[in-house]
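Presented below is the structure to which this report refers.
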Protein chains: 4
Amino acid sequence: MDKRERIVSAAIEVFSEQGIEKTKISDIVKRAGIAQGTFYLYFPSKLSLMPAIAEVMVEKTLEIVQAKVSKSAPFPVRLDQLVDAIFEVSEEYHEMQALIYSGLASTEHLKKWETVYAPFYEWISESLEQAIEDEVIRDSVDPARTAKLVIGLVESAAEQIYLYDANKEDEAAVQKREVKQFLRFALSIHD
Amino acid sequence: MDKRERIVSAAIEVFSEQGIEKTKISDIVKRAGIAQGTFYLYFPSKLSLMPAIAEVMVEKTLEIVQAKVSKSAPFPVRLDQLVDAIFEVSEEYHEMQALIYSGLASTEHLKKWETVYAPFYEWISESLEQAIEDEVIRDSVDPARTAKLVIGLVESAAEQIYLYDANKEDEAAVQKREVKQFLRFALSIHD
Amino acid sequence: MDKRERIVSAAIEVFSEQGIEKTKISDIVKRAGIAQGTFYLYFPSKLSLMPAIAEVMVEKTLEIVQAKVSKSAPFPVRLDQLVDAIFEVSEEYHEMQALIYSGLASTEHLKKWETVYAPFYEWISESLEQAIEDEVIRDSVDPARTAKLVIGLVESAAEQIYLYDANKEDEAAVQKREVKQFLRFALSIHD
Amino acid sequence: MDKRERIVSAAIEVFSEQGIEKTKISDIVKRAGIAQGTFYLYFPSKLSLMPAIAEVMVEKTLEIVQAKVSKSAPFPVRLDQLVDAIFEVSEEYHEMQALIYSGLASTEHLKKWETVYAPFYEWISESLEQAIEDEVIRDSVDPARTAKLVIGLVESAAEQIYLYDANKEDEAAVQKREVKQFLRFALSIHD
DNA sequence: CATGAATGAGTTTTCATTCAT
DNA sequence: AATGAATGAAAACTCATTCAT
């Protein structure tokens, strides 16, 4: 109902469908079912939408990840669940990820992006710290830095599947298995 | 001399400098030193340049990587050199990577992108096969799939530095070290 | 006030003055006193104006014809008045007729053209029916079909004068007389 | 083989298919299988083609008419044959007729057009003169003027069919019959 | 004569932004 | 706050014409 929200989700839809470049403000307002002028009551430009969109995306990502990864499970299981979760998010939102990426890149909103993604990195980082403390992974792991590596690895692996591959279901399963193994070795998980 | 080439490299230059969105065809032709109409003899639109640019970019990447990675060195050294090379490419061309990414994403040229990246994947894949044969890495590694994981991991790690970080030099050094270690474990390198 | 109307009548004016080919959208909008972009709010292209112009033209034709042909006069007089009326319209709008013709021909709007001309055909057809009933013309006349023949004949006769002839005034008078006589015989008018 | 001829017939084809306005010189040369520059060796512009095209058209028309109308038959039969012939020409070349019409209208080649059509008018005119002399038609007929009326009438009748009607075959037969009768009365033919 | 890539002036077309309602 | 028609500056695109080969 809220106009601002309507604009943001309309933008997510049309950006995903036709790319940022090709999307006109008029496409967004048409989808949102509001008047052309109303857009400018909430956002000064097309690109100024990106932080708002990014926020929504990270929110959704965190929701899915936190729902999928069980707090009480042992770390190796949690890691597998994380991979599954990120693949799931990628499947649903892979276009958006590229969009946010390039959308933010072409603005000066990069700082914001880091901020927006921060809770996700934080959450992984804490898991890694705990795992080091519990001696389930090698103690040479730098939690903060590795959190980003893990997310980068898994996201790029997922994108490779959902952007390019034809037989996505099967491919995704194999790719997930490979990533999980890769990670297990990378972190030196001792079961 | 060749007009098409002139257009593509002019486009790489101006896209890097001002982003896709802000770049006008007239900027590209001015830089290329050709007439406006000539552009349309070779490309129907700004976005249709992206596959050609991607091709050039991958070419340059491969060149740098192959120059940096010594054929005769032992695998662990080669892996470190690969990381260094990809970080170097990212440093120089990180804007372009985001651009290609979003440029391709907003067109229907994704299929082409895979093709274009293929020689790079191939090259890494062969290195991994050799390493398995030489028993320097675990034999459970799937060469083709892992090649993509490795590239994805290193590229995303590099981007994290060059897109967002302020103190790039220092950060890059630390990040590289971290990635190298991560990879060494992930592939179970036996020195 | 209505912008669409302003565009159509401006187009009729400038098309008449300089031909379709030589007319730029900018000429039309200048004449209409509106902004360039406004044109595209109503028509996607120059040629897409043609059906709208045709409609206006037929309207004007009908107006002139109905003003010139007295309802109460005997049929032979009405026929002569019709000839005069069509010659008058041709004199004023002969460029437009060729333009509409070729303008419609070069689009896919031919179907529309028939629809647009329909009220004119109808009107003549009814007159002929009445004349048959009143036994002032031969009863072998097929009203609908003959309506079109009559209009076709008179229009082509008028065009011959106004398109090609130098001494139009005199020529028109002679040509009109000839057409009237031709028609009187063709319809077997019994005075 | 002759390049000039190749250009003219290619132009007839593409003009018919897409209209004069939408046709580019490049379309014509492509169809003609010659180089872009070669066009300018023969014609200075697109519209300067029109007289050459008109000439070809009238040539073809006269050929068909003279083949169809038997020299020795009585006048009423010859008149019927003329109607058939013009309908036949219209069926095959109706697009061209509109094109020549508007194409010449938009140039200063109108004088030429008259000249080009002259032999056709002449031919009909002579037939009418003979018919008057033979007392098969009313002697109030002005041969030259009526020749044009007859052609105008029959051509417009034919166009109505071939431009607009769906069921062309049947419609054409009825229309022809109507025109023949119309003409017979108009000229007061005494069998 | 013939070619066809290159040209760039001339047009069309777009679309973010405004503003009277 | 909301609207959406109108704007016009800016950009894309076209295509007749040229000219070196």
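Chain A is the first sequence line, chain B the second, and so forth, proteins listed ahead of strands; every chain is numbered from 1. In what follows, every heavy atom counts, from backbone to side chain, and hydrogens, waters and symmetry copies are set aside.
The side-chain heavy atoms of R4(A) and L41(A), taken from C-beta on, include no pair separated by under 4.5 Å. In this structure the side chain of T38(D) never reaches within 4.5 angstrom of the side chain of V29(D), judged on heavy atoms. In this structure the side chain of K30(A) never reaches within 4.5 angstrom of the side chain of Q36(A), judged on heavy atoms. No side-chain heavy atom of V56(C) sits less than 4.5 Å from a side-chain heavy atom of S9(C). Contact annotation: the side chain of Y42(D) never approaches that of V8(D) to less than 4.5 Å [non-hydrogen atoms, C-beta and beyond]. Between L47(C) and K22(D), the closest side-chain pair of non-hydrogen atoms falls below 4.5 Å.
As rounded to whole Å, 13 Å separates atom P of dC1(E) from atom CZ of R4(D). Note: CD (E21(C)) to C1' (dG10(E)) measures 14 Å, nearest angstrom. In this structure, I25(D) places its CD1 atom 14 Å from C1' of dG4(E), rounding to the nearest Å. Whole-Å rounding puts the I7(B) CD1 to dA5(E) P distance at 13 Å. Regarding K24(A), its NZ atom lies at a distance of 14 Å from the P atom of dT13(E), rounded to whole Å. Put simply, CG on L47(B) is 16 Å from P on dA11(F), counting in whole angstrom units. Here the P atom of nucleotide dC15(F) and the NZ atom of K22(D) are 12 Å apart, to the nearest Å.
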Could you walk me through whether E92(B) and K60(B) pass the salt bridge (charged side-chain N to carboxylate O under 4.0 Å, His left out) test, one step at a time?
CA-CA 11 Å; E92(B) 196 163 358; K60(B) 287 188 177 177; over 6 Å; no
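Taken from OG in S45(C) to CE in M50(C), the straight-line distance is 10.5 Å, to the nearest 0.5 Å.
Residue contacts shown for K46(A) are absent, as no nucleic acid heavy atom lies under 4.0 Å away.
No donor-acceptor pair under 3.5 Å is formed between the side chain of R31(B) and the backbone N or O of A10(B).
Nearest heavy-atom pair, K46(A) versus I25(A), reported as atom, atom and distance to 0.1 Å: N-CD1, 4.0 Å.
Here the nucleotide nearest the side chain of K3(D), chosen from dT7(F), dT3(F), dT3(E), is dT3(E).
The side chain to side chain contact (heavy atoms under 4.5 Å, CB included) test with I28(C) is passed by exactly one of I12(C), T23(C), I34(C): T23(C).
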Watson-Crick and G-U pairing of DNA chain F, under 3.5 Å, as dot-bracket with | and [ ]
.||||||||||||||||||||
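Listed in residue order, the members of residues 27-36 of chain D having a heavy atom less than 4.0 Å from DNA chain E are I34(D), A35(D), Q36(D). DNA chain F lies under 4.0 Å from at least one heavy atom of each of the following residues of residues 38-45 of chain C: T38(C), L41(C), Y42(C).
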